[in-house]
2 protein chains.
Amino acid sequence: MGVTVKDVARVAGVSTATVSRALRGFESVDPAVRAHVLDVAQRLDYVGSPAAAALTTGKAGSVGLITPFVDRLGFQRMLAGIESEMRGSDLDLLLHCTGDPSEPHPVPPHKRLARRVDGFIVLSISADSRDLEQILRLGMPVSMFGSRGADTSSVRVDDRAGASRAIDHLVDLGHRRLGIIYGREAVDAGVLEHEMHVGVRDAAERARISLDQNLIVAGDYTTSGGAIAMEQLLAGEDPPTAVFAFSDEMAYGAMRTMREHGLVPGRDIDLIGYDGHPMSDVLDLSTIELPFEEIGSTLARNLLDELQTPTGTHRVVTLPTRLAVRGSTTGASAP
Amino acid sequence: MGVTVKDVARVAGVSTATVSRALRGFESVDPAVRAHVLDVAQRLDYVGSPAAAALTTGKAGSVGLITPFVDRLGFQRMLAGIESEMRGSDLDLLLHCTGDPSEPHPVPPHKRLARRVDGFIVLSISADSRDLEQILRLGMPVSMFGSRGADTSSVRVDDRAGASRAIDHLVDLGHRRLGIIYGREAVDAGVLEHEMHVGVRDAAERARISLDQNLIVAGDYTTSGGAIAMEQLLAGEDPPTAVFAFSDEMAYGAMRTMREHGLVPGRDIDLIGYDGHPMSDVLDLSTIELPFEEIGSTLARNLLDELQTPTGTHRVVTLPTRLAVRGSTTGASAP
DNA sequence: GTGAAAGCGCTAACAC
DNA sequence: GTGTTAGCGCTTTCAC
C-alpha cells in the first residue's frame with residue numbers, strides 16, 4: 001500500500017537485496033551505489049515496513065515498558081528518563097500497564113507483548129508478582145527497577161540508606177519520639193518497603209532510640225492515606241514530635257491534616273518525606289530525593305546495551321538518595 | 001522460533017486457515033472444531049506473531065501516542081485515562097515524545113511510526129507545528145487534544161469558559177485589580193493560550209473592569225516561571241489584589257514567591273490556578289479543575305471507534321471545567 | 001559487490 | 001465449513 005523495496009530497486013536499477021543492504025548502511029555496498037539507492041529512496045519517500053523487517057529478522061524493533069501504575073508522580077519522571085535515553089536508538093517504546101496487581105488479567109498480557117518487543121523495562125512490580133515471574137520466564141532481556149533482580153539487569157535505589165538518612169536527620173535535630181507513615185505491609189525481603197523499614201530500624205538502633213509501634217501507621221502511598229495516617233498519629237495520647245513519611249505524597253496528606261489541626265510543619269511537628277517531587281520544594285517539605293530521571297535513563301541504557309551486545313552479564317546499579325532539608329524540619333518541636 | 005499456526009494446524013489435524021479462523025472466533029467455523037483448535041493452541045502455548053499478522057492484514061495492531069512532553073502533571077492523568085480505555089481493546093500503545101517543538105528532529109519520526117500504528121492520539125501540539133501537519137498528511141485516523149482539529153476527531157476543554165469562570169470568581173469576591181500569569185504567547189487562534197486570554201478578557205468586560213497590561217506576565221508553564229512572574233507582579237507600584245495563573249504549577253511557584261515575601265494566599269493576595277492537580281488540594285489552592293482522565297479516555301474511545309468503524313465522520317467533544325474554591329481565594333484582600 | 005530465490009508467520013481469496 | 005494457494009515486504013543465504 002506504499003512504496004516498497006521493490007519500487008526502490010526498480011527505480012534505482014538494482015536488486016532488492018542491494019536496496020536492503022544500502023539502506024542499512026552495509027560496508028559491502030559500493031559507495032556510489034549506496035548513495036544512489038539512498039537518493040532514490042528519499043525521492044520516492046520510501047519508509048520501510050517494520051512488520052516485514054520484524055518478520056524476517058525476528059527482531060521487533062521495540063521495547064516494552066511494564067508498570068503497575070501510570071499516575072504516580074515518580075512514574076512520569078522515570079518515563080522522561082527512559083524516553084530521552086531511547087530517543088536516538090531506533091527502538092519504539094510500548095507502554096503496558098498491569099494495573100492493580102490484585103485483580104488478575106483474563107489474558108496474561110505478557111505473552112502477547114513478548115512477540116512485539118525485544119526486551120522489557122519493568123517498573124517495581126512486587127517481587128512475588130506472578131506477572132514478574134512470567135516475564136522472566138520469557139527469557140528475554142529485562143531491565144528492572146524496584147525488586148531486586150533475580151537474574152536481570154536492574155536499577156535500584158539505596159532505600160535502606162535513604163530511610164536511615166531521614167531518621168538520622170530527625171534524630172540530629174533532637175527528636176526522640178518519631179512517627180512513621182509507611183506505605184503498605186512489606187511482603188518480601190529485598191523489596192522497597194522492607195528496605196525502608198530496615199533502614200528506619202537500623203538508624204533508630206544506632207541512635208539508641210526505641211520506636212513506638214503505635215506511631216508506625218500505614219498510609220497506602222496516597223495523599224489521602226497520609227492524611228488519615230497523620231490523624232491516627234495525632235489522636236494518640238503521646239503524639240510524635242517528628243514524622244517520617246515513606247513518600248512525599250503521603251507527607252502532603254499529613255500536611256493537610258496538620259493544617260486542619262492548626263499545626264504547622266517545622267514548628268509544631270517536624271515532617272520529612274521520601275521521593276523528592278518538585279512540589280515538595282513549593283510545600284517547603286524536607287525530603288529524601290530520588291533520582292527518578294536517572295533511574296529511567298539507566299534502565300533504558302542497561303536494556304539497550306543488553307540488546308546490542310547480548311553478553312550474558314547483567315548490570316546492577318544502585319543509585320544514591322539525597323537529603324533535602326527544608327522548612328518542615330527545623331527541630332523547633334524537638335524536646 | 002516459536003510455535004506457529006502450522007504447528008497448531010498439524011497437531012489439531014486441520015489447515016492453517018482453519019486455525020487462523022478459529023483463533024479469531026469466526027462464525028463460519030464449526031464450534032466443535034473451534035473448541036478443539038483453541039484447546040490445542042492453548043496446550044501448545046501458541047502465541048501469534050503480530051508482525052506476521054500486521055504484514056498480511058496491513059493493520060499494525062497498535063496506536064501511537066504523540067506528545068511533546070511527558071513530565072507534565074496533566075500528562076500522566078491523561079495517560080491513565082487513555083490506558084484504561086485501551087485495555088480490553090487488543091491494541092498496544094506506542095509512546096512517542098516529540099520533545100521541545102523548537103529543535104527539529106534529524107529524522108521526522110512520524111513517517112516511521114506511521115507504519116507501526118493504525119492511528120494516532122496527539123496531545124496538544126501547537127497548531128502551527130510542522131509535526132502536526134505531517135501527521136495529518138499521513139491520512140490516518142487521528143484523535144487529538146489541544147489544538148482544534150483541522151479534520152480529525154478531537155477533544156478539547158472549554159478553556160474560554162474556564163478562564164472566564166476564574167475571573168468571575170475573583171470579581172465575585174470583590175476584586176477589581178487582577179494579575180494574570182499566562183504561559184506563553186498565543187500564536188494561533190483556537191489554541192489553548194488564545195482561548196484563555198479571550199475568556200479572561202470577556203469576563204473582565206462583562207464585569208466592567210479593565211485589565212492593567214503591566215499585571216499580565218508570562219510564566220512559561222513552570223513552577224519557577226510562576227515564581228518569577230509573581231515577583232514581577234509584586235515589584236510593581238500597585239500590585240494586584242488577586243492573581244489568576246493559567247496553570248496550577250505556575251500558581252505553586254507564585255505561592256512560593258508569596259511565602260518568601262511573607263505573604264499568605266487568601267489573606268494578602270487571592271490566587272487561583274488552572275488544571276486541578278491533586279496537589280492543589282493539599283496546597284489549599286483554588287483552581288479550575290480539568291477532567292484529565294476523561295480527556296484521555298475520550299481521546300482513546302474516539303480513536304478506537306474510528307478504527308473499528310471507519311465512517312468518515314469525526315467526533316468533536318468539548319469537556320467542561322469545574323471551579324474548586326479553596327483557601328487561596330477568600331476575598332480578604334479585596335478592596 | 002551484487003543478484004536470484006527462498007522464506008519469516010500469517011491471512012485472504014478462491015475452490016471444494 | 002474447510003483446505004489450497006498465493007502472497008504481504010522484507011532479509012538472507014548462496015551463487016556469481
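Below, chains carry the letters A, B, ... as their sequence lines are ordered, and counting in each starts from 1.
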For a quick test of your reading: what N or O donor-acceptor pairs under 3.5 Å do the side chains of residues 31-44 of chain A make, sequence neighbours left out?
{"from": "A:R34", "atom 1": "NH1", "to": "A:F26", "atom 2": "O", "distance (Å)": "2.8"}
{"from": "A:D39", "atom 1": "OD2", "to": "A:R43", "atom 2": "NH1", "distance (Å)": "2.8"}

inquiry  = If I take atom NZ in residue A:K59 and atom P in nucleotide C:dG9, what distance separates them, rounded to the nearest angstrom?
reply    = 14 Å
request  = Measure the angle between the two terminal helix axes of the helix from C:dG1-D:dC16 to C:dC16-D:dG1, five base pairs each, and quote it to 10°.
outcome  = 30°
request  = Using only side-chain N and O atoms of B:S15, determine if any of them is under 4.0 Å from OP1 or OP2 of D:dG3.
outcome  = yes
remark   = Whichever of B:S28 and B:L55 has the more 5' nearest nucleotide on DNA chain D, that residue is B:S28
ask   = Roughly how far, to the nearest 0.5 Å, is CZ of A:R116 from CG of B:D92?
value = 4.5 Å
Whole angstrom value for the distance that separates C1' of D:dT2 from CG of B:L23 = 16 Å
Euclidean distance, atom NZ of residue A:K6 to atom P of C:dA4 [Å, nearest integer] = 13 Å
inquiry  = I need the full list of side chain to side chain donor-acceptor pair (under 3.5 Å) pairs touching residues 296-307 of chain B, with sequence neighbours left out, sorted by first then second residue.
reply    = B:E85-B:R301, B:S153-B:E306, B:R301-B:D305, B:N302-B:R315, B:D305-B:R315, B:E306-B:H314
key: Nearest listed nucleotide, side chain of A:A53, among C:dG1, D:dC10, C:dG9   = D:dC10
request  = Measure from the side-chain N and O atoms of A:D118 to the backbone N and O of A:V63, and report whether any donor-acceptor pair falls under 3.5 Å.
outcome  = no
Please enumerate all protein N or O atoms sitting under 3.5 Å from an N or O of nucleotides 12-16 of chain D, with distances to 0.1 Å.
{"from": "D:dT12", "atom 1": "OP2", "to": "A:R24", "atom 2": "NH1", "distance (Å)": "3.1"}
{"from": "D:dT12", "atom 1": "OP2", "to": "A:R24", "atom 2": "NH2", "distance (Å)": "3.3"}

ask   = Between residues 42-49 of chain A and DNA chain D, which residues have a heavy-atom gap below 4.0 Å?
value = A:Y46, A:G48, A:S49
task = Answer yes or no: is there a donor N or O on one side and an acceptor on the other, between the side chain of B:S143 and the main chain of B:L299, under 3.5 Å?
result = yes
Verdict with supporting geometry, B:L79 and A:L95, side chain to side chain contact (heavy atoms under 4.5 Å, CB included) = CA-CA 10 Å; B:L79 184 51; A:L95 185 67; 3.7 Å; yes
remark   = Those residues at least two apart in sequence (or on a different chain) that pass ring-ring contact (aromatic ring centres under 6.0 Å, His included) with B:F75 are none
query = To the nearest angstrom, how far is B:H36 atom NE2 from D:dT2 atom C1'?
reply = 15 Å
query = CD/A:E83 to NE2/B:H96 distance, rounded to the nearest 0.5 angstrom?
reply = 7.0 Å
message = Taking B:S154's backbone N and O only, do any of them form a donor-acceptor pair with B:T152's side chain (distance below 3.5 Å, no angle check)?
response = no
remark   = Here the distance between atom C1' of C:dG3 and atom CZ of A:R10, to the nearest Å, is 17 Å
request  = Look only at the side chain of B:S49 and the backbone of A:R115, and say whether a donor-acceptor pair between them is shorter than 3.5 Å.
outcome  = no
ask   = Given atom CG of A:D7 and atom C1' of D:dC8, what is their separation to the nearest angstrom?
value = 13 Å
inquiry  = I need the B:R87 CZ to B:I82 CD1 distance, nearest 0.5 Å.
reply    = 13.0 Å
